[in-house]
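Just below is one structure, and these are the notes that go with it.
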Amino acid sequence: NTNWLDEITSMGSTTNNAVSVSGGNENAVYYFGASHYTENGILNGTSFKRTNLNSRNQFKVLDDKVKITQNINISIAGATPKPTSAFTNAYQQAPIMPVRYANGRYAKPFLNSLGFNDMSGEKYNDNANPVAQLELFNEENKFITLSGSVGAEIKIVNDLKFNSSFGATYDIQKGYTFTPLLQIWLSENPTLEASQMPVSNKLNTLQQRNIDNYMWNWDNYLTYSKTFDKNKFTAVAGMSQSTRENGSVMKITRNNVPEQSNYWSTDFSTDLTPTNPASVAENTHSTPILSLAYFTRLEYEFDNKYLLSG
């Protein structure tokens with residue numbers, strides 16, 4: 001009488017803590033904030049953590065003719081996912097199948113001649129053991145995002161000002177996936193021993209990933225604004241330049257590394273079988289896309305009621 005949903009889920013929890021400090025005067029304003037978020041999912045083994053640091057400052061100099069702004073944000077996150085298809089298998093798997101046999105091996109949907117679930121017999125469905133599915137899946141990802149911007153506003157004359165701002169974002173992702181092929185084979189063949197696994201099979205596979213991406217944008221524009229009586233004219237002209245898809249992907253896959261998680265590194269692989277290099281290493285680099293745009297905007301406003309723009 002196995003309740004598969006109870007076997008793969010537990011009570012989830014989230015915590016969120018934040019602290020900030022801010023202040024300033026007529027010439028400078030500052031802000032600094034830090035937050036930490038932690039989530040343990042209802043699916044056993046899933047978790048997510050994120051820490052954010054943010055700094056924003058604004059300064060006025062030269063009798064308020066120049067205003068400088070700055071914004072920096074750092075985000076560090078980590079995620080441990082699990083296959084959500086375990087919910088489907090838990091819903092479809094029969095309750096007569098136990099989680100494990102008496103010898104500790106993961107159970108399979110085999111029916112013996114007496115009508116009981118056993119280690120061998122007739123297979124009565126093709127659904128996986130959801131507990132085995134979760135426990136034999138090992139993946140972890142870490143993310144670091146650095147973003148920031150700096151801008152300046154310069155009052156050239158009373159009705160004319162110049163704005164310039166530069167912003168950039170750099171994303172880094174590192175992760176691994178460890179697949180215990182021997183343990184998966186044993187879970188699929190509960191009556192066999194490890195020594196009976198075909199010699200051509202690999203004991204495990206480890207993939208390590210390193211992905212990065214960089215983008216930036218630079219905007220410059222002039223704004224002229226003139227008001228008299230109930231009339232207001234505004235003209236804006238400038239340029240915007242940006243680049244995106246400037247990143248790379250590096251993936252390394254090796255077989256037969258130690259089973260202890262602190263040794264999950266491709267350097268510890270003992271598999272010396274000659275193979276196609278493309279099955280071991282993958283390295284791609286995207287071609288940066290550079291965009292350059294010029295823009296103008298004219299606006300006429302009357303009596304704070306009517307607006308014409310183009």
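- Residues Leu53 and Phe32 have side chains in contact (heavy-atom distance under 4.5 Å, counting atoms from C-beta outward).
- For Lys65, there are no salt bridge (Lys or Arg N to Asp or Glu O under 4.0 Å) partners at least two apart in sequence or on another chain.
- Cluster partners of Val249 are Ile211, counting Ile, Leu, Val, Met, Phe, Trp and Tyr whose side-chain heavy atoms approach within less than 4.5 Å, directly or via other members.
- Heavy-atom contacts from other residues, nucleotides or ligands closer than 6.0 Å to CG of Asn1 number 12 or fewer.
- Scored by the salt bridge (Lys or Arg N to Asp or Glu O under 4.0 Å) test, Glu39 finds no partners at all (sequence neighbours excluded).
- To the nearest 0.5 Å, the span separating OG1 on Thr2 from CZ on Arg100 amounts to 11.5 Å.
- Residue Val19 belongs to no hydrophobic cluster, having no ILVMFWY side-chain heavy atom closer than 4.5 Å to its own.
- Other residues, nucleotides and ligands contribute over 12 non-hydrogen atoms within 6.0 Å of the CG atom of Asn103.
- Within 6.0 Å of CD on Gln196 lie more than 12 heavy atoms contributed by other residues, nucleotides or ligands.
- Checking side-chain atoms of Ser10 against main-chain N and O of Asn44 turns up no donor-acceptor pair under 3.5 Å.
- When all heavy atoms of His36 and Thr51 are compared, the closest pair comes out as ND1-OG1, 2.8 Å.
- Trp218 CH2: 12 or fewer foreign heavy atoms inside a 6.0 Å radius.
- The environment of CD in Glu26 is sparse: at most 12 heavy-atom neighbours from other residues, nucleotides or ligands sit within 6.0 Å.
- Side-chain contact between Gln93 and Pro109 is present, with at least one heavy-atom pair separated by less than 4.5 Å.
- Counting heavy atoms from C-beta outward, Ser269 and Val257 have side chains that approach closer than 4.5 Å.
- When the ring pair (Phe, Tyr, Trp, His ring centres under 6.0 Å) test is applied to Phe233, the partners found at least two apart in sequence or on another chain are Phe228, Tyr300.
- Contact between Tyr31 and Asn54 at its shortest, heavy atoms only, is CE2-OD1, 3.5 Å.
- For the atom pair CE (Met119) and CG (Asn189), the distance works out to 10.5 Å, reported to the nearest 0.5 Å.
- The neighbour count for Lys305 NZ, taken as heavy atoms of other residues, nucleotides or ligands under 6.0 Å away, does not exceed 12.
- What you find for Ser47 and Asn40 is that their closest heavy atoms are CB-OD1, 3.7 Å.
- Every residue meeting the side chain to side chain donor-acceptor pair (under 3.5 Å) condition with Asn3, not counting sequence neighbours, appears here in chain and number order: Asp6.
- Counting heavy atoms from C-beta on, the side chains of Thr205 and Thr253 come closer than 4.5 Å.
- Between Glu301 and Leu307, some side-chain heavy-atom pair lies under the 4.5 Å cut-off.
- In Glu259, the CD atom is not crowded: 12 or fewer heavy atoms of neighbouring residues, nucleotides or ligands sit closer than 6.0 Å.
- Heavy atoms from other residues, nucleotides or ligands lying under 6.0 Å from NZ of Lys202 number more than 12.
- Residues meeting the side chain to side chain donor-acceptor pair (under 3.5 Å) test with Ser286, sequence neighbours left out: none.
- Here ring pair (Phe, Tyr, Trp, His ring centres under 6.0 Å) pairs that include residues 257-295, with residues two or more places apart or in two chains, are Tyr176-Trp264, Phe178-Trp264, Tyr263-Phe268.
- Placement of Ile74 and Phe166 within a single hydrophobic cluster is found when ILVMFWY residues are connected by side-chain heavy-atom separations under 4.5 Å, directly or transitively.
- Ile76 and Phe143 fall into different hydrophobic clusters, where Ile, Leu, Val, Met, Phe, Trp and Tyr side chains are chained together by heavy-atom contacts under 4.5 Å.
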Apply side chain to side chain contact (heavy atoms under 4.5 Å, CB included) to residues Lys67 and Asp64 and explain how you reach the verdict. CA-CA 7 Å; Lys67 181 170 66 175; Asp64 292 347; over 6 Å; no
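- Side-chain contact between Asp212 and Tyr214 is absent, with no heavy-atom pair separated by less than 4.5 Å.
- With sequence neighbours excluded, no residue forms a salt bridge (Lys or Arg N to Asp or Glu O under 4.0 Å) with Asp171.
- Val131 belongs to a hydrophobic cluster whose other members, connected by ILVMFWY side-chain contacts under 4.5 Å either directly or through intermediates, are Trp4, Leu5, Ile8, Ile42, Leu43, Phe87, Ile96, Met97, Val99, Tyr106, Leu111, Tyr124, Leu134, Leu136, Ile184.
- Hydrophobic cluster of Ile154: the remaining members, joined at side-chain heavy-atom separations below 4.5 Å, are Val61, Leu62, Val66, Ile68, Ile156, Val157, Leu160, Phe162, Leu222, Tyr224, listed by chain and number.
- Residues Gln70 and Ser55 form a side-chain contact, since some pair of their non-hydrogen atoms from C-beta on lies under 4.5 Å apart.
- Glu188 is linked by a salt bridge (Lys or Arg N to Asp or Glu O under 4.0 Å) to Lys108, counting only residues two or more places apart in sequence or in another chain.
- A distance-only check finds no donor-acceptor pair linking the side chain of Glu139 to the backbone of Lys82 [under 3.5 Å].
- Of the options Asp271, Thr270, Asn204, Thr266, a side chain to side chain donor-acceptor pair (under 3.5 Å) to Asn255 is made by Asp271 and by none of the others.
- None of Arg209, Gln207, Lys251 except one satisfies the side chain to side chain donor-acceptor pair (under 3.5 Å) rule with Thr177; the exception is Arg209.
- In terms of heavy-atom proximity, Asn129 sits nearest to Ala107 at ND2-O, 3.1 Å.
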